[in-house]
Amino acid sequence: MGREKDVKEDRKTKHKVTKLNMRPNGNEVAEAGGDSAKSTKSTEKTPNGKIKKIKAPKTEKLESPSNFSEPDDGNFTTKKKGVKRRRTKDEPADVPTSEALKNSSSTKRNGGKHKKRHHSEEESDGEPLKKHAKKKPKTDVKIEEGEQPVSKKSKKTKEEIKEARELKIRQKEEEEQKRWRWWEEEKYEAGVKWRFLEHKGPYFPPDYQPLPDNVHFYYKGEPVKLSLAAEEVAVFFAQMLDHEYTTKKVFRENFFKSWRREMTHEEQLLIQDLDKCDFGEIHAMHKAKVEEKRNLSKEEKLVLKEANQKIVEEFGYCTLDHHRERIGNFKIEPPGLFRGRGEHPKQGKLKKRIQPEDVIINCSRESCIPVPPAGHHWKEVRHDNTVTWLASWTENIQGSIKYVMLNANSKLKGEKDWEKYEVARKLKQHVDGIREQYLIDMKSKEMRIRQRAVALYFIDKLALRAGNEKEEGETADTVGCCSLRVEHITLHKQLDGNECVVEFDFLGKDSIRYYNKVPVISKAFKNLKIFMENKDPGDELFDRLTTTMLNKHLSSLMPGLTAKVFRTYNASTTLQQQLKELTNDSMVNDAEKLLGYNRANRAVAILCNHQRAPPKTFEQSMANLQAKITSRKEQLALAKTELEQAKKDAKVKGSSDPKLQILVEKKKAAVKRCSESLLKLEVQATDREENKQIALGTSKLNYLDPRISVAWCKRMGVPIEKIYNKTQRDKFAWAIDMTETNFEF
DNA sequence: GGGGGAACTTAGCAGCAATTAT
DNA sequence: ATAATTGCTGCTAAGTTCCCCC
């Protein structure tokens with residue numbers, strides 16, 4: 001059925017208000033010198049770039065461009081067989097997308113298994129696969145154990161330390177045994193997410209605790225005892241008083257409106273001006289509480305921790321098809337004042353307390369249905385196994401639905417993630433054709449086709465997001481590719497020695513600024529010029545294009561293909577290619593290898609514009625590190641002279657004295673130790689400096705096929721723990737388990 | 001073909017926990 | 001033992017995509 005839709009796609013056009021003259025010709029002009037189709041495909045290489053993109057609120061544009069990187073993909077021609085679903089190692093190649101399954105309900109792939117109906121294993125999940133389970137866990141995973149504490153606790157005896165270490169290893173093994181190796185099992189039929197689901201329902205935040213009698217709110221200097229509801233909201237505001245945004249106009253106005261809505265009639269009559277409110281005592285009380293909590297004794301903290309642990313034990317897990325799975329967010333979001341990112345028009349509004357009466361529960365009919373808190377009932381209990389959520393409620397700020405779902409290490413999330421990367425890998429086989437096509441489309445007579453082509457070119461080349469339309473006034477003003485406006489780009493016929501440069505400057509997701517100057521092919525450049533003609537800065541650049549149209553087109557080119565697949569594809573491809581470039585077998589030092597890995601990772605983060613605010617203590621900690629390096633250098637110099645001296649002594653006094661020889665050896669070792677440690681520090685400094693404004697986590701977690709990293713680790717002899725922490729290893733357990741050294745994305 | 005809802009992924013950051021320095 | 005620093009986790013906002021309805 002996907003097919004038919006695709007055919008229609010072409011007819012769809014969006015007629016926006018702004019009408020432009022079509023210039024069927026504008027781009028007919030032959031491609032000027034610069035880039036040609038070819039060059040887009042293969043050459044432009046990666047970033048050397050420093051990023052210059054900066055967080056929105058910052059005022060000025062940043063100077064220089066990042067040299068954006070164009071992922072090179074041309075080389076991955078290797079035919080990956082791919083398509084047979086093998087559920088074991090290496091090349092799991094093909095996780096049928098639910099898409100694909102739907103589309104081809106009758107194709108062989110499905111034919112093979114879809115009848116399997118009942119995941120027989122109900123009683124014996126994983127049984128048939130035991131053998132795998134046995135053999136895997138023995139691999140490198142634990143070799144690294146050694147890097148644990150080892151010393152530090154000088155109190156403990158060696159025995160104890162050893163014991164502790166062994167215990168840890170044992171626990172690890174145990175955990176590994178218990179792990180649900182879902183990736184070795186057959187998939188369910190399309191659309192079915194689970195067969196059995198049982199849980200305890202979400203965990204609700206504690207009720208509001210009224211203020212003690214000695215803490216007052218004042219209006220115009222007079223103490224006012226607020227009603228419970230109004231008081232609670234006042235406290236929300238008071239708690240944030242140190243925060244900058246309680247000074248923002250929009251925030252204050254929204255808050256005040258929300259607050260007044262919670263007041264009694266009398267309170268509304270009395271309290272008319274936020275500026276006349278004094279939350280000082282409440283604020284002070286709050287700070288005191290925080291401080292108090294901070295000063296709790298070890299034991300008290302432990303008690304709290306254990307109490308917390310109990311809650312997690314009870315509410316934090318569910319049973320899904322006979323496996324215990326961790327829930328990602330089992331806690332209902334507590335009420336508070338909404339803080340959107342960027343210039344959010346709704347910042348400061350009251351985010352209401354959620355009651356069980358607002359919550360829909362989803363679980364198996366035959367499961368033990370969660371019991372609502374005493375005196376309450378659920379909004380609804382349903383049994384829908386085509387969705388993955390356990391509970392949901394509607395939030396009052398945007399009116400959107402919030403879900404309780406499983407943790408990233410769960411089968412449900414993991415399988416989807418795997419599938420995502422398989423789709424991206426499939427793009428590899430189509431991408432050349434698609435690129436050729438959009439270059440041709442840039443010459444189309446139809447404006448909408450050319451717009452589509454140029455937009456796709458950006459998405460591919462720059463890894464921009466699709467960019468849906470957003471309702472004005474509901475959210476911060478941010479854009480993505482399809483929603484770019486004329487004001488967001490500037491064309492430069494010539495810039496910094498390059499032809500046809502497009503300067504991007506806009507706020508993207510989370511109001512993160514995207515700033516980039518990019519040389520583009522002249523076909524694209526000429527089209528852009530035309531798209532911008534007779535438009536106001538606030539008009540849409542691609543006024544005949546929507547994400548829906550773009551995605552329809554894409555899915556006609558390859559099943560499962562959407563705009564965001566390009567981001568995944570280009571990110572993963574870049575990582576793989578950068579790893580090849582930046583690391584090699586001759587590297588001996590782990591620190592060195594890791595720097596290479598991080599740099600490859602960084603190239604991706606730059607491509608995807610994953611930024612972070614420079615850590616508050618950045619300068620300081622950088623200086624500290626530098627100081628350490630200096631002192632280590634001195635130490636090294638000293639060690640070297642001592643070594644020379646020792647050598648000399650040894651020579652002069654002859655080899656007669658074995659002590660001198662030993663001394664020489666000792667000094668040698670000291671020099672080595674010292675210089676290694678220096679190298680490590682220097683590498684660390686470089687890494688940190690380069691990472692100042694770049695967040696590696698997002699790409700690592702969401703865009704980089706973990707199998708690339710796992711394979712790299714194996715080839716380079718780097719323990720996986722150096723690259724993935726515990727959480728990440730859990731999330732990527734499937735990849736760690738199945739990936740062979742020779743994996744190619 | 002557009003609007004809106006539903007479901008799910010992607011995103012940065014605050015605050016706490018673990019680790020290391022003093 | 002305490003303070004400073006770093007690393008993670010949890011949180012929840014903000015996207016994308018699909019689908020249904022008109």
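Quick note on labels: first sequence line is chain A, next is B, and so on, each numbered from 1. Side-chain atoms are counted along with the backbone in the values below, which use heavy atoms only and exclude waters and symmetry mates. What you see is a predicted model, and the numbers here were worked out from it, not measured in a lab.
Ranked by how close their nearest DNA chain B nucleotide is to the 5' end, A:Arg465 and A:Thr386 are led by A:Thr386. Taking for each of A:Lys726 and A:Thr548 the nucleotide of DNA chain C with the nearest heavy atom, the 5'-most of the two is the partner of A:Lys726. Residues A:His344 and A:Lys564 both approach DNA chain C. Their nearest nucleotides, taken by heavy-atom distance, put A:His344 toward the 5′ side.
Listed candidates were B:dG12, B:dT9, C:dT17. Nearest to the side chain of A:His610 is B:dG12. Among the nucleotides C:dT9, C:dT12, C:dA14, the one closest to any side-chain atom of A:Thr727 is C:dT9. Taking every side-chain heavy atom of A:Asp510 into account, B:dG12 is the closest of B:dG12, B:dA7, C:dT17. Considering only the side chain of A:Asn468, C:dT16 comes nearest among C:dT16, B:dA11, C:dG10. Comparing B:dC16, C:dT12, B:dC8 by their nearest atom to the side chain of A:Lys293 picks out B:dC16.
Applying the 3.5 Å distance criterion, the base of B:dT10 shares a donor-acceptor pair with the side chain of A:Lys509.
A:His199 has its ring centre no less than 6.0 Å from the ring centre of A:Phe330.
The separation between A:Trp393 atom CH2 and C:dT12 atom C1' is 9 Å, rounded to whole Å. Counting to the nearest Å, the P atom of B:dC16 and the NZ atom of A:Lys305 are 14 Å from each other.
The residue A:Thr478 sits close only to the backbone: its heavy atoms come under 4.0 Å of sugar-phosphate atoms, none of a base. A:Gly328 comes within 4.0 angstrom of nothing in the nucleic acid, heavy atoms only. Base contact: A:Arg341 has a heavy atom under 4.0 Å from a base atom. Here A:Arg326 lies in heavy-atom contact (under 4.0 Å) with sugar-phosphate atoms only. Counting any heavy atom pair closer than 4.0 Å across all strands shown, A:Ala563 reaches sugar-phosphate atoms only and no base atom. Contacts of A:Lys193 with the nucleic acid, taken as non-hydrogen atoms under 4.0 Å apart, involve only primed sugar atoms and P, OP1 or OP2. Within 4.0 Å (heavy atoms only), A:Thr388 reaches sugar-phosphate atoms of the nucleic acid but no base atom. The residue A:Arg294 sits apart from the nucleic acid: no heavy atom pair falls under 4.0 Å. Within 4.0 Å of A:Lys301, counting heavy atoms only, lies no atom of the nucleic acid at all.
Remark: the A:Ser483 side chain and the A:Lys470 side chain contain no N/O donor-acceptor pair separated by less than 3.5 Å.
Using a 4.0 Å cut-off between charged side-chain N and carboxylate O, A:Glu395 and A:Lys402 make no salt bridge. A salt bridge is absent between A:Arg544 and A:Glu446: the closest approach of a Lys/Arg side-chain nitrogen to an acidic carboxylate oxygen does not fall below 4.0 angstrom. Residues A:Lys310 and A:Glu313 are not paired through a salt bridge, judged by the lack of any N-O separation under 4.0 Å between the basic side chain and the carboxylate.
In this structure A:Asp384 satisfies the side-chain contact (heavy atoms from CB on, under 4.5 Å) test together with A:Asn362, A:Arg382, A:Thr386, A:Val387, sequence neighbours excluded.
OP1 and OP2 of B:dC8 both lie 4.0 Å or more from every side-chain N or O belonging to A:Lys416.
In this structure the side chain of A:Asp358 never reaches within 4.5 angstrom of the side chain of A:Lys352, judged on heavy atoms. Inter-residue side-chain proximity for A:Ile720 and A:Phe732 is flagged as unmet; no heavy-atom pair is nearer than 4.5 Å.
Interface residues of residues 397-410 of chain A facing DNA chain B, ordered by number: A:Ile401, A:Tyr403, A:Met405; criterion, heavy-atom separation under 4.0 Å.
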Would A:Trp418 and A:Arg707 count as a side chain to side chain contact (heavy atoms under 4.5 Å, CB included) if you check the C-alpha gap in whole Å, the side-chain angles of each, and the deciding distance to 0.1 Å? CA-CA 10 Å; A:Trp418 180 15; A:Arg707 290 167 296 181; 3.6 Å; yes
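Screening A:Phe338, A:Phe251, A:Phe237, A:Phe255 against A:Tyr245 for a ring pair (Phe, Tyr, Trp, His ring centres under 6.0 Å) leaves a single residue, A:Phe251.
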Identify all pairs in which a protein N or O lies below 3.5 Å from an N or O of nucleotides 20-22 of chain C, and state each distance.
none

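Taking the six-membered ring for Trp and thresholds of 30 and 60 degrees, A:Trp182 and A:Trp734 have ring planes inclined between 30 and 60 degrees apart.
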